[in-house]
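Working notes for the structure below.
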Amino acid sequence: MSTINENLQREDVTWEREIENNSTSLDTSIQRLDVIDTQDALPLEVVDNPTFLDSNIQELDAIDTQDSLPLEVLNNSTPLDANIQGLDATDTREILELEVANVGNSDVLLELTADVTANEIPEELQLPKSGHDQVNLNQPEKSFKVSTTIHIVDGEKGGAGKSFLSRAFIEYCTSIGHSVAIVDADTSNQDIVNIYGSVETAFFSDDEKLAKEADTIFDLAFENSVIVNLPAQVYSKVTNWIKSNNLTEIGKENSIKFVKWFVCTGGVDSVNFFLQSLDDLGDSILHVFVKNLGLCDDWKYIQEMPEFVAAQTKYNFIVMDFPKFPFWERNMVDRLGVTFEAAIAHPDLKVISKQRVKNFLKEAYAAFAGTGLVQ
């Protein structure tokens with residue numbers, strides 16, 4: 001028994017001398033470390049030589065904890081204090097900071113990154129693997145917004161019924177609970193602004209300094225669909241705004257589409273404006289040919305025009321019948337400056353007049369629903 005004790009004492013003396021002379025490395029292996037409520041092991045090999053301390057964590061499994069892990073290793077008379085500040089192993093990439101107080105009271109900060117495989121990180125979150133991998137600036141940003149539509153109510157000619165159609169369109173959307181932003185670009189009339197609340201205004205101009213005045217329309221479409229009431233004789237300005245800014249392509253990238261509702265008077269010149277719009281925008285914007293039955297009740301000639309028939313085959317546009325609104329009731333609604341729905345309850349309209357307004361709305365709503373463009 002004395003021989004064993006002597007051997008142990010002799011080994012202790014040898015061990016102390018080797019450390020004091022810094023001639024032999026300290027190899028300490030922590031075989032098992034209980035991390036909070038897990039049974040996983042954290043092997044840590046610490047090699048201490050005159051120039052550096054190399055600490056390598058081979059395996060780490062500490063699920064569902066953010067608690068600190070205190071570690072104290074007695075090294076001769078100098079303690080090794082390794083404190084893991086904050087460990088969250090639920091993230092795929094996590095920085096593990098180790099503050100080590102060692103020989104000579106010098107601090108060594110080791111930053112270790114948890115080893116994860118490429119398969120554990122979603123592809124879209126991985127950094128380029130080499131200097132040759134470049135970010136594609138031309139790739140559109142992924143969007144998750146709800147699809148919206150910019151409804152442009154056009155007709156080019158004054159008195160075609162653009163504002164009247166816009167008013168019926170607005171109230172139809174309200175009746176089915178379809179939220180829309182309203183833009184009145186007709187600065188000369190602005191009956192839309194005077195009747196409905198929360199109406200935005202826009203202005204189309206050939207002047208580059210004023211070009212941004214129309215951009216409100218597109219900006220609003222990021223939140224809701226938009227109904228735009230255009231004034232007369234702005235066709236070239238609106239077309240240039242769409243084409244020069246490449247809005248149809250930008251719209252596709254942001255789930256925004258365009259629909260042009262072209263209100264026709266029944267005259268040949270009005271139809272020709274519609275055909276011109278198809279030639280300019282028909283490939284990228286769906287058109288609706290609105291027959292204003294309040295201005296023309298015979299459309300046979302138009303429907304048999306060779307140009308009209310050829311365009312319908314090429315562009316597959318939609319044809320819609322917009323019902324006639326009785327003359328006296330229309331003047332009363334305009335004079336009162338109220339919505340169609342409000343006119344039905346207004347005391348200045350008698351029972352039969354109110355019924356005529358109801359009939360008009362019923363037919364108009366059915367016509368809008370028949371296009372399938374507003375859900």
(message) Within this structure, what is the CD1-CZ distance for the pair I344 and F360, rounded to the nearest 0.5 Å?
(response) 10.5 Å
(message) Is the ring pair Y365/Y172 parallel, tilted or perpendicular, if the boundaries are 30 and 60 degrees?
(response) tilted
(request) Decide whether K260 and S277 meet the rule of one side-chain donor and one side-chain acceptor closer than 3.5 Å. (result) yes
(message) Between N272 and Q276, do the side chains contain a donor N or O and an acceptor N or O under 3.5 Å apart?
(response) no
(request) State whether R167 and D334 are salt-bridged, where the test is any N-O pair (Lys NZ or Arg NE/NH1/NH2 against Asp/Glu carboxylate O) under 4.0 Å. (result) yes
Joint hydrophobic cluster, [X] plus [Y], side-chain heavy atoms closer than 4.5 Å:
X: L336; Y: V333; result: yes
X: V228; Y: I285; result: yes
X: V259; Y: M320; result: yes

(message) Once salt bridge (charged side-chain N to carboxylate O under 4.0 Å, His left out) is applied, do any residues pair with D186, and if so which ones, sequence neighbours excluded?
(response) none
(message) Less than 6.0 angstrom separating the ring centers of F325 and F340, yes or no?
(response) yes
(message) Centre-to-centre under 6.0 Å for H151 and F169, is that the case here?
(response) yes
(message) Can you confirm whether more than 12 heavy atoms, excluding those of K324, are under 6.0 Å from its NZ atom?
(response) no
(request) Please indicate whether K237 has more than 12 foreign heavy atoms, meaning atoms of other residues, nucleotides or ligands, lying under 6.0 Å from its NZ. (result) yes
Could you check if a side-chain atom of [X] sits within less than 4.5 angstrom of a side-chain atom of [Y], using non-hydrogen atoms only?
X: W241; Y: D215; result: yes
X: F258; Y: F218; result: yes
X: I170; Y: I195; result: no
X: V234; Y: F203; result: no

